[in-house]
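Quick caveat, the model's predicted, so the values are computed rather than measured.
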2 protein chains.
Amino acid sequence: MNRVKDYRKQAGLTQFELAQKVAVARQTINLVENDKYNPSLDLCLRLARALHTDLNHLFWEA
Amino acid sequence: MNRVKDYRKQAGLTQFELAQKVAVARQTINLVENDKYNPSLDLCLRLARALHTDLNHLFWEA
DNA sequence: TAAAGATGTCATATATATCTGACATATTAA
DNA sequence: TTAATATGTCAGATATATATGACATCTTTA
């Protein structure tokens, strides 16, 4: 239950546009948003920067 | 340049003990601490919980 | 000292993240 | 309604995270 989709929509980006920003395939964004797998830390960092937030906001639940 | 080693030492754990807590091999902890590769988000989350901290403290640099 | 424990590293094997290409459906715009 | 765009998903291929076993070095303790 990460917050990638929320932050992406708030940024007005499509899955494809976000994928380009972080240099992965669109399918990868789709799978991450739907918790279909487990992204690498490096991808998580790129997502957080592309969405102007940080790791905790995207992926941490207290 | 993550902070896993700092938090592990502060917790008084060896690489082997931390590895057991998060259910990976000792070598995996060693490689993560020395930035030899790119752990999965799931492992990052387990490390953060085992070390009583969060993703940003372990892996985020402003 | 010597022995035990901790760490760094290698080589090989396996599981899985990620890619490419494709197609179906849903949503939005002409 | 049609055309274009966005999303969800599948199958097959490749790259890489992680495991296992082993060994060397360094540090700590008996």
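Here the side chains of B:Ile29 and B:Leu18 are in contact, with some heavy-atom distance below 4.5 Å. Side chains of B:Leu55 and B:Leu41 form a contact here, defined as non-hydrogen atoms less than 4.5 Å apart. Taking the side chain as every heavy atom from C-beta outward, B:Tyr7 and B:Leu47 never approach each other to under 4.5 Å. Between B:Asn38 and B:Val32 there is no side-chain heavy-atom pair separated by less than 4.5 Å.
For the pair A:Tyr37 OH and D:dT18 C1', the interatomic distance rounds to 17 Å; values are reported in whole Å. The CG atom of B:Leu41 sits 19 Å away from the P atom of D:dT16 (whole-angstrom rounding). Atom CG in A:Leu47 sits roughly 15 Å away from atom P in C:dA17 (whole-Å rounding). Spacing between atom CG of A:Leu31 and atom P of C:dA17 amounts to 10 Å, rounded to whole angstrom units. Distance, A:Leu43 CG to C:dA17 P: 12 Å, rounded to whole Å. For A:Asn38 and D:dA15, the CG to P distance is 21 Å, given to the nearest whole Å. Rounding to whole angstrom units, CD1 of residue B:Ile29 and C1' of C:dT9 are separated by 16 Å. Atom-to-atom, NZ of B:Lys36 to P of C:dA11 comes out at 13 Å; the value is rounded to the nearest Å.
Place A:Phe16 and B:Pro39 on DNA chain D by their nearest nucleotides, and A:Phe16 ends up nearer the 5' end.
Out of C:dT18, C:dT20, D:dT18, the shortest distance to the side chain of A:Ala25 is found at C:dT20.
At a cut-off of 3.5 angstrom, the base of C:dG21 holds at least one donor-acceptor pair with the side chain of A:Gln27. For a distance-only test at 3.5 Å, the side chain of B:Gln15 fails to qualify as a donor-acceptor partner of the base of C:dG8. Counting atom types as modelled, B:Arg26 pairs a side-chain N or O with a base atom of C:dG8 as donor and acceptor under 3.5 Å.
B:Asn30 has no side-chain polar atom (N or O) that falls below the 4.0 Å cut-off from OP1 or OP2 of C:dT7. In this structure, A:Asn34 reaches the D:dG8 phosphate: one of its side-chain N or O atoms is under 4.0 Å from OP1 or OP2. At D:dT18, one or more side-chain N or O atoms of B:Ser40 fall inside 4.0 Å of OP1 or OP2 (strictly under the cut-off). For B:Lys5, a side-chain nitrogen or oxygen approaches OP1 or OP2 of C:dG8 to under 4.0 Å. The side chain of A:Arg8 places an N or O atom within less than 4.0 Å of a non-bridging phosphate oxygen (OP1 or OP2) of D:dT7. A:Thr28 has a side-chain polar atom (N or O) that falls below the 4.0 Å cut-off from OP1 or OP2 of C:dC19.
A cation-pi contact, defined as under 6.0 Å to the ring centre and within 45° of the axis, is absent between A:Arg3 and A:Trp60.
Here A:Ala19 lies out of heavy-atom contact (under 4.0 Å) with every strand.
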